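Everything numeric here is computed off the predicted structure, so don't read it as measured data.
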Amino acid sequence: MPQQLSDTKSDLKYYIDLLLQRRLLIFVVFFVTLLMVMIDYLVTPPTYTARAKLLIEPEHYTNLNTGNSGQEPPMFYFQTQVELIKSEPVVSLAAASLGVQKGTRDFQDMVSKLKRNTSVERIPDSRILTISVKSHNPLFAAHAANAIIDSYIKFLNEQKRKRISNITLWLQGELTSLKNKVETSEMALIKYVEQQETTSNNDSVMFLGDPSDNAGTKALSELETKYITLQIELTNMMQKYKDKYPLVVQLKNDITAINIRINMMKQAMIEANKKRIKYIMLSRDADLSKDLYSMLTKELKEVNVFGEIGYPTATIIEHASEPGRRSDRGLVFWLLFGIFISMITGVASAFIADQIDNSIKSESDIERFIKHPIIGALPYLDELKGKEPHRLLGILNSTSSQVYVEMLRLLRTNLKYSFIAKAGKVLLVTSTGENEGKTTLSASLAYILSITGAKVLLMDADVKKPNVHKLFKSEQTPGYTELLIDDKLDSAAIIKDSGYDNLYYMTAGRQPPDFAELLDSPKSKSLLESFKDKFDYIIVDSPPIGIISDAAILSSLVDGVLFVVKANGYPREHVLRSIKSLSSVNAKITGIVLTHLDRGKGYYYRSYYSKGYYRE
């Protein structure tokens with residue numbers, strides 16, 4: 001948990017420093033974006049919105065028998081009307097009513113313009129639709145809104161007329177067909193009745209009477225009763241007489257005659273029932289055709305009445321009038337919106353620039369990416385700009401660079417706890433590449449240590465691009481190289497007095513072809529050990545670690561390494577690679593010093609100015 005809190009604070013500090021570093025970019029982007037928004041507002045014509053209102057009724061007609069006008073339409077009905085108002089047919093009618101000739105390019109442009117600028121909304125819990133048309137011309141907006149609602153009603157009436165016409169034609173066709181069917185059914189019934197009347201006898205015409213008449217059924221029942229009685233009587237007589245007895249024979253003949261008559265009557269009744277059923281079927285068919293014909297005739301009359309006195313499905317309750325005020329956002333809104341957008345754009349540009357420029361810019365970058373302690377941050381020494389290097393120590397000794405000197409004192413204090421307290425004497429100063437202020441820092445640090453009374457040696461170990469001799473207007477040779485090569489050469493002849501109390505320097509000497517081997521020799525180590533006995537501190541100005549291997553060799557011989565990082569200098573990938581090279585040879589990295597820091601940037605630098613310690 002503490003680690004997470006620390007990371008959060010580190011990230012917050014990084015983002016704050018990022019915004020402070022990019023404040024000029026943020027301001028420029030903010031100003032340009034705000035200017036563009038306001039120019040766009042000023043050059044864009046104002047927008048006006050005209051509104052008309054329609055009362056929408058469901059598409060139905062009142063039933064003439066019941067008077068019922070129908071139920072409340074479903075919700076999707078109103079959405080259908082909304083889409084219908086904005087449809088191509090309605091908008092085309094509106095464009096034509098505005099005086100634009102059909103078939104021309106202007107007509108198509110007008111249709112597209114009306115579609116794009118027309119909106120339809122339903123007032124909640126009502127049947128009222130609001131039609132809104134936007135335009136830079138307030139008069140045109142009103143005309144267009146009225147044209148759309150008029151065209152919508154015209155379109156609905158035309159569609160209703162077409163539907164009524166189609167229904168009427170269909171009903172008329174059905175009525176003609178039913179009329180023919182009724183006539184056919186009636187003729188078939190009449191013809192059937194006439195045929196039966198001419199061919200029927202007294203026993204079979206009963207189907208034309210009342211179906212509830214049971215005379216035939218009663219006669220049949222009496223015959224069946226008589227038949228049973230004769231059967232009983234024959235049975236009793238057979239017990240007394242023979243088969244050929246006259247009474248027996250007569251009784252059998254009577255029974256046979258009655259049985260024949262019973263069968264004949266049953267057959268006649270079956271035929272009569274069949275004829276009655278067919279009659280009923282024909283009669284019902286004729287009645288049904290008549291009923292259908294009557295119903296369709298009634299429906300046709302109702303449709304005709306609706307077509308003449310029916311009400312429209314939409315009623316205009318409010319025409320659009322010319323709007324007097326603009327409907328788009330005003331100056332205050334666009335000003336606030338522009339400020340908001342400009343702030344976002346400015347901050348975004350800072351982060352984008354930070355992603356593009358991935359150099360180390362502040363202490364927070366070092367804490368975030370390098371993970372080594374930063375023990376100092378030095379601003380760019382403006383007083384040295386355009387002047388000879390030998391003016392450096394004179395500037396440090398004057399009052400014109402108090403801020404820079406104070407930052408050096410803070411660095412010296414930090415070194416006291418991170419380097420000197422550990423009995424460190426030899427401090428190597430290196431960097432990723434050239435022009436990062438490595439030599440200036442070495443000389444400045446040697447000077448600020450010497451004014452405390454400590455005996456300090458500034459040693460130039462960069463034989464490829466030596467600079468220490470320039471600080472003192474001295475000759476480059478003899479120097480450190482000659483001391484390594486010539487065993488007879490005394491170091492006292494090489495080490496020179498700077499002219500400042502307790503500060504001495506040694507130049508680099510000439511550039512040998514095998515300087516790396518010389519640095520890696522026992523002589524190099526013994527020399528440094530001998531210097532420790534003569535001086536309190538030795539500041540070694542070495543070549544950049546990211547260019548040649550000399551610094552890596554020297555880092556293994558010294559007590560600590562001060563790694564210089566130029567603000568807005570090399571990409572952090574190169575810096576990290578250089579530090580990794582030092583770590584690979586087990587160099588003791590004392591800390592990181594950030595140089596060329598712009599005025600007002602960085603925690604160390606801002607702290608003095610914010611407290612008003614020094615002002616120029």
Side-chain angles (χ1 to χ4, degrees), residues 40-61 73-124 126-167 306-308 310-330:
D40 181 71
Y41 167 75
L42 294 175
V43 301
T44 302
T47 300
Y48 298 90
T49 302
R51 295 178 175 86
K53 292 183 179 180
L54 287 175
L55 175 63
I56 302 297
E57 295 290 348
E59 293 186 16
H60 68 282
Y61 60 88
M75 291 297 296
F76 67 81
Y77 177 81
F78 295 101
Q79 185 60 36
T80 301
Q81 302 310 307
V82 168
E83 297 301 324
L84 187 59
I85 292 173
K86 298 186 293 183
S87 65
E88 183 81 17
V90 173
V91 176
S92 297
L93 287 174
S97 67
L98 289 172
V100 184
Q101 186 178 358
K102 288 186 177 181
T104 62
R105 180 65 181 270
D106 292 340
F107 183 81
Q108 294 298 327
D109 292 342
M110 178 61 69
V111 170
S112 301
K113 181 179 179 181
L114 290 176
K115 280 186 174 182
R116 184 172 59 253
N117 296 320
T118 301
S119 61
V120 183
E121 296 180 353
R122 180 191 178 193
I123 298 178
S126 72
R127 295 183 179 183
I128 299 176
L129 296 182
T130 301
I131 294 86
S132 303
V133 178
K134 294 181 179 180
S135 176
H136 298 308
N137 187 334
L139 185 59
F140 173 80
H143 288 335
N146 291 327
I148 287 176
I149 60 176
D150 291 338
S151 300
Y152 169 66
I153 293 177
K154 181 179 178 181
F155 176 80
L156 288 183
N157 290 335
E158 180 64 22
Q159 293 299 314
K160 179 177 61 180
R161 187 191 63 78
K162 290 180 180 180
R163 288 198 298 270
I164 292 174
S165 177
N166 293 334
I167 292 173
F306 172 65
E308 295 175 358
Y311 56 88
T313 57
T315 304
I316 300 175
I317 60 175
E318 184 179 316
H319 280 90
S321 59
E322 182 179 355
R325 294 192 307 174
R326 60 190 300 169
S327 58
D328 54 354
R329 305 291 185 177

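Taken to the nearest 0.5 Å, the CZ atom of R127 stands 11.0 Å off from the OG1 atom of T315. From L55, atom CG reaches atom CD1 of I317 across 6.0 Å, with rounding to the nearest 0.5 Å.
Scored by the side-chain contact (heavy atoms from CB on, under 4.5 Å) test, E121 finds no partners at all (sequence neighbours excluded). Applying the side-chain contact (heavy atoms from CB on, under 4.5 Å) criterion to I316, with sequence neighbours excluded, gives L54, I149, D150, I153, H319. With sequence neighbours excluded, the residues satisfying salt bridge (charged side-chain N to carboxylate O under 4.0 Å, His left out) with E158 are R161. Listed by chain and number, the residues in a side-chain contact (heavy atoms from CB on, under 4.5 Å) with I123 are K53, S126, I128, T130 (sequence neighbours excluded).
S327 contributes a side-chain N or O that, together with a main-chain N or O of T47, makes up a donor-acceptor pair within less than 3.5 Å.
Of all the heavy atoms in R51 and E318, the pair that sits closest is O-OE2, 4.4 Å. Closest approach of L93 to F155, counting heavy atoms only: CD1-CB, 4.1 Å. Taking both residues in full, the closest heavy atoms of L156 and A314 are given as CD1-CB, 4.0 Å, listed atom of the first, atom of the second, then distance. Across Q101 and F107, no two heavy atoms sit closer than the pair O-CB, 3.1 Å.
In this structure, the side chains of T118 and V91 stay at 4.5 Å or more apart for every pair of heavy atoms.
No side-chain donor-acceptor contact under 3.5 Å links Y48 and E322.
Listed by first and then second residue, the salt bridge (charged side-chain N to carboxylate O under 4.0 Å, His left out) pairs that reach into residues 82-97 are E88-K115, sequence neighbours excluded.
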### Message
Walk me through whether I148 and V120 qualify under side chain to side chain contact (heavy atoms under 4.5 Å, CB included).
### Response
CA-CA 11 Å; I148 287 176; V120 183; over 6 Å; no
Could you go through residues 136-145 and list every donor-acceptor pair under 3.5 Å that involves a side-chain atom there, pairing it with any protein atom two or more places apart or in another chain?
from: H136; atom 1: ND1; to: P45; atom 2: O; distance (Å): 3.3
from: H136; atom 1: ND1; to: P46; atom 2: O; distance (Å): 3.1
from: N137; atom 1: OD1; to: L139; atom 2: N; distance (Å): 3.0
from: N137; atom 1: OD1; to: F140; atom 2: N; distance (Å): 3.4

